Number of protein chains: 2
Amino acid sequence: MSYPREESIQRAMETFWKKGYLGTGMRDLQAALDKRPGSIYSAFGNKEGLYLEVLNSYTQRLNSQILDVVESQSPLDELRRFLCIPLSMDDSSMHKVQCLIIKTQADWTELPDNVQRALQTSSELLRHSFQKIILKAQSIGELGENIQTNRAATWLQGQFIALRTLAAGMENPADIEWMVDKIIGDLPNNWEE
Amino acid sequence: MSYPREESIQRAMETFWKKGYLGTGMRDLQAALDKRPGSIYSAFGNKEGLYLEVLNSYTQRLNSQILDVVESQSPLDELRRFLCIPLSMDDSSMHKVQCLIIKTQADWTELPDNVQRALQTSSELLRHSFQKIILKAQSIGELGENIQTNRAATWLQGQFIALRTLAAGMENPADIEWMVDKIIGDLPNNWEE
DNA sequence: CTCAACACTGAACGATCGTTCAAGATAAAA
DNA sequence: TTTTATCTTGAACGATCGTTCAGTGTTGAG
């Protein structure tokens, strides 16, 4: 093994992130990892297996960022900072603006069953962590108790999706930082029916 | 010609909508149109040409729905109705929940240049129509004059994206109708900086 | 009926897809 | 040094990809 398994996963993540699951060919991965097909297949089984490890690594990283928000003293301030992260990407990393999970979800019907399930699981994990943010903010009084935390978590995930998707389509993602402020401002309101 | 060109486009739309641009093969389209490759190529040039006509047709339909909102007496009420449309899809049409444009945008880097440009143009057209909704609502007093209409249009497009994407990932899209009410409720607020 | 015009057919092309596998390289244990 | 276990190599496989084209069928004008 010329370099550790983890580096292969990170290199593969770059490729899947840039080209999507369907758009990425094994030959793209062979070039990215600088390995021949046999090495990749013996290490990860197949394209699907490699992607599942990439997705798992990506999800854990994103989830730990969200959990950092939960642990902070002012969850709402830290949430604002978290949402701004992808808006300051340089041109060479523009493909990292969009969330890898959302990007892959778009090809839903054409994905292997295991990938579909893994995406669902990742999505639920992140929503659950968003819910923890709401609960933490309520517990320290930054948000009222009237908010239905499960709905707020789904809504927050939706805002995350909107922000990432809009930013990915702009020449300068930083131009929608104002939307982060609106999200934080809208979070406490309009939860009654 | 056994049936009009427009029907070919509608059938192709079903396929592209379900499987995405990369996920759709010419053989899928041959089956959907019940035509052999030569017929399709003589009528549309190639896969890209057929998709461009599909995208154009889709965009016009969606845009006219938005313009209907602009023309209505109560734009905000009609906007609520417009946003709810995809949330009441039966199981056989679940793939129509997600917006075709957003779905295709996910594969961005792997798409032909003409498709990239067409998606950009469609996206801008719809944002412009969203802006007309804001302006109309302001003109009849449903919204205050303090709102920056271009930002509100982008925000509204983002909410549209969030709603469609969340709904597409749920077993029952109708379960997030509450979010439409929150969107309408959030629209007038938090536009000052 | 004739003939030009046009849409349609379907076998086939070269390219690329994900994947396999026998053989070679490498390094630690014996 | 030999053995054993592990990792790597790269040619090659069958399947599928988008696309082409010579031939067939259909239609309406003269």
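Just so it is clear, the model here is predicted, and its values are computed rather than measured. Just so it is clear: chains get the letters A, B, ... in the order the sequence lines come, proteins before strands, and each one is counted from 1.
Note: NZ (A/Lys35) to P (D/dC7) measures 10 Å, nearest angstrom. Counting to the nearest Å, the P atom of D/dT20 and the CZ atom of B/Phe44 are 16 Å from each other. The separation between A/Lys19 atom NZ and C/dC17 atom C1' is 13 Å, rounded to whole Å. Here the C1' atom of nucleotide D/dT6 and the CZ atom of A/Arg5 are 14 Å apart, to the nearest Å. What separates CD of A/Glu110 from C1' of D/dT16 is a distance of 14 Å, to the nearest Å. Distance CZ (A/Arg36) to C1' (D/dT9): 8 Å, rounded to an integer number of Å.
Contacts classified as side chain to side chain donor-acceptor pair (under 3.5 Å) and involving residues 20-31 of chain A (residues at least two apart or in different chains) are given here: A/Lys19-A/Asp28.
A/Ala43 meets the side chain to side chain contact (heavy atoms under 4.5 Å, CB included) test with A/Arg5; sequence neighbours excluded. Every side chain to side chain contact (heavy atoms under 4.5 Å, CB included) that A/Asn56 has, sequence neighbours left out, goes to A/Gln60. Applying the side-chain hydrogen bond (donor to acceptor under 3.5 Å, both in side chains) rule to A/Thr109 yields no partners; only residues at least two apart in sequence or on another chain are considered. Legend: residues meeting side-chain hydrogen bond (donor to acceptor under 3.5 Å, both in side chains) with B/Lys182, ordered by chain and number and at least two apart, are B/Asp186. With sequence neighbours left out, B/Glu14 forms a side chain to side chain contact (heavy atoms under 4.5 Å, CB included) with B/His95, B/Lys96. Applying the side chain to side chain contact (heavy atoms under 4.5 Å, CB included) test to A/Glu78 and every residue at least two apart in sequence or in another chain returns A/Val69, A/Ser72, A/Arg81.
Side chains of B/Tyr51 and B/Thr104: a donor on one and an acceptor on the other come within 3.5 Å.
Contacts between residues 21-31 of chain A and DNA chain C, counted as heavy-atom distances below 4.0 Å, involve A/Thr24, A/Gly25, A/Met26, A/Arg27, A/Gln30.
B/Ile134 contributes atom CD1, which lies 8.0 Å from atom OG1 of B/Thr149 (distance to the nearest 0.5 angstrom).
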Going 5' to 3' along nucleotides 20-26 of chain C, which nucleotides have protein heavy atoms under 4.0 Å from the base (write B), which only from the sugar-phosphate (write S), and which from neither (write -)? BB-----
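Of the candidates D/dT9, C/dT19, C/dG10, the closest approach to any side-chain atom of A/Lys47 belongs to C/dT19.
Nearest-nucleotide mapping onto DNA chain C: of A/Glu48 and B/Ile40, the residue sitting toward the 5' end is B/Ile40.
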